[in-house]
Amino acid sequence: MSAIRIYNDSDTTNLLFGSDNNLSIHNKLGEIGVRFEQWQTAASIAPGAAAEDVLAAYRTDIDRLIAEQGYQSMDVISLDASHPQKAELRQKFLSEHTHSEDEVRFFVAGEGLFTLHVDNKIYEVLCQQGDLISVPANTPHWFDMGPNPGFVAIRLFNNPDGWVANFTGSDIAERFNRLEN
Ligand SMILES: CSCCC(=O)/C(O)=C/O
Ligand SMILES: [Fe+2]
Ligand code: NI
């Protein structure tokens with residue numbers, strides 16, 4: 001089940017709001033300009049699946065998003081707990097960063113924890129299979145796949161170079177929840 005937890009950025013102990021209802025998550029994130037919705041998924045795709053199989057299974061959805069939003073590139077992250085570089089890959093996204101474009105991610109399988117830092121609040125969003133999340137450009141955030149990752153996500157980019165992150169240098173991510181898996 002997808003879930004949201006909201007805290008003040010200076011108080012990790014006081015939960016301001018929590019829900020595992022998709023409509024509540026959609027509405028809370030909508031208040032800060034974040035798109036969050038559920039899409040149909042193909043049961044045949046599991047963590048570790050090859051990128052070309054994932055892209056082939058979701059060609060229609062991807063083409064629709066490209067036609068709607070004009071994305072210029074895409075890739076697939078597909079990891080299971082046996083991945084030899086799982087610790088390095090986890091670390092790559094664990095510190096607060098921004099992108100100069102919207103961060104559009106479609107969870108084809110598995111789960112991951114996105115944390116957004118907006119207006120002195122922390123929004124922890126547990127994304128699961130079928131969730132599409134789009135975090136606006138320049139929003140500080142981080143992502144935890146957990147010590148034993150299991151997810152497949154399609155990433156869509158507005159620039160031809162793909163993933164480019166600007167790290168804020170803040171250690172705030174160390175004070176909030178990690179994904180346990
Ligand atoms: C869920 S896709 C991998 C994470 C990622 O691309 C990113 O930018 C996290 O902030
Ligand atoms: Fe990011
Ligand atoms: Ni709405």
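Start at 1 and go down the list; that is how both ligands and their atoms are numbered.
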Asks: Got the closest protein heavy atom to atom 6 (O) of ligand 1, with its distance?
Replies: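 The answer is Arg155 NH1, 2.7 Å.
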Asks: Please list, chain by chain and in numerical order, all residues satisfying side chain to side chain contact (heavy atoms under 4.5 Å, CB included) with Leu89, sequence neighbours excluded.
Replies: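 If we apply the side chain to side chain contact (heavy atoms under 4.5 Å, CB included) test to Leu89, skipping adjacent residues, the hits are Leu79, His83, Gln85, Met145.
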Asks: Could you list the atoms of ligand 1 found under 4.0 angstrom from a heavy atom of His97?
Replies: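 Taking each heavy atom of His97 in turn, ligand 1 has 8 (O), 9 (C), 10 (O) under 4.0 Å.
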Asks: Which ligand 1 atoms does His141 reach within 4.0 Å, using its non-hydrogen atoms?
Replies: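 So the atoms of ligand 1 that pass are 10 (O).
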Asks: In ligand 1, which numbered atoms sit nearer than 4.0 Å to a non-hydrogen atom of Arg105?
Replies: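 Checking each atom against Arg105, I get 2 (S), 5 (C), 6 (O), 7 (C), 8 (O).
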Asks: Give me the nearest non-hydrogen protein atom to atom 8 (O) of ligand 1 as residue plus atom name, then the distance to 0.1 Å.
Replies: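 Ranking protein heavy atoms by distance from atom 8 (O) of ligand 1, first comes Trp163 NE1, 2.6 Å.
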Asks: Is ligand 1 less than 4.0 angstrom away from at least one heavy atom of Met145?
Replies: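 Not so, Met145 does not reach ligand 1.
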Asks: Report the nearest protein non-hydrogen atom to atom 1 (C) of ligand 1: residue, atom name, distance rounded to 0.1 Å.
Replies: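 Minimum-distance protein heavy atom for atom 1 (C) of ligand 1 reads Phe143 CZ, 3.5 Å.
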Asks: Tell me whether the centres of the aromatic rings in His141 and His97 are closer together than 6.0 Å.
Replies: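 Yes; His97 has its ring centre under 6.0 Å from that of His141.
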Asks: Ser82: what forms a side chain to side chain contact (heavy atoms under 4.5 Å, CB included) with it, not counting sequence neighbours?
Replies: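 Applying side chain to side chain contact (heavy atoms under 4.5 Å, CB included) to Ser82 gives Asp80.
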Asks: Under 6.0 Å between the ring centres of Phe36 and His26?
Replies: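 Aromatic pair excluded; centres sit 6.0 Å or further apart.
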Asks: What are the atoms of ligand 1, with element, lying closer than 4.0 Å to any heavy atom of His99?
Replies: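 Listed by number with element: 8 (O).
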Asks: Side chains of Asn158 and Gln72 only: does a donor on one sit below 3.5 Å from an acceptor on the other?
Replies: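 Not at all, the side chains of Asn158 and Gln72 share no donor-acceptor pair under 3.5 Å.
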Asks: Taking Asp171 for the side chain and Glu174 for the main chain, is one N or O donor matched with an acceptor at less than 3.5 Å?
Replies: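 Not confirmed, Asp171 side chain does not pair with Glu174 backbone.
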Asks: With a sphere of 6.0 Å drawn around CD of Gln40, does it hold more than 12 non-hydrogen atoms of other residues, nucleotides or ligands?
Replies: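 Result for CD/Gln40: open.
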Asks: Does Asp119 reach the main-chain N or O of Lys121 with its side chain, forming a donor-acceptor pair under 3.5 Å?
Replies: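 Flag not set: sc Asp119 to bb Lys121 has no pair under 3.5 Å.
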Asks: For the CG atom of Asn120 and the CG atom of Asp9, what is their distance to the nearest 0.5 Å?
Replies: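 Asn120 atom CG to Asp9 atom CG measures 4.5 Å (nearest 0.5 Å).
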Asks: What atoms of ligand 1 come closer than 4.0 angstrom to any heavy atom of Phe107?
Replies: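 Counting from 1, the qualifying ligand atoms are 1 (C).
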Asks: Pairs under 3.5 angstrom only: tabulate donor-acceptor contacts from the side chains of residues 105-116 to other protein residues two or more places apart or in another chain.
Replies:
| unit_1 | atom_1 | unit_2 | atom_2 | d |
| --- | --- | --- | --- | --- |
| Glu111 | OE1 | Gln128 | NE2 | 2.3 |

Asks: Tell me which protein heavy atom sits closest to atom 3 (C) of ligand 1, plus the residue, atom name and distance to 0.1 Å.
Replies: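 The answer is Ile77 CD1, 3.6 Å.
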Asks: Under 6.0 Å from the six-membered ring centre of Phe17 and within 45° of its axis: does the NZ or CZ of Lys28 meet both?
Replies: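 Here Lys28 passes the 6.0 Å and 45° test against Phe17.
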Asks: Considering only non-hydrogen protein atoms, determine which one is nearest to atom 9 (C) of ligand 1 and report residue, atom name and distance to 0.1 Å.
Replies: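 Here the nearest protein heavy atom works out to Glu103 OE2, 3.1 Å.
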Asks: I want to verify a count. Protein N, O or S atoms less than 2.8 Å away from the Fe ion (ligand 2), how many are there?
Replies: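 For the Fe ion (ligand 2), the figure is 4.
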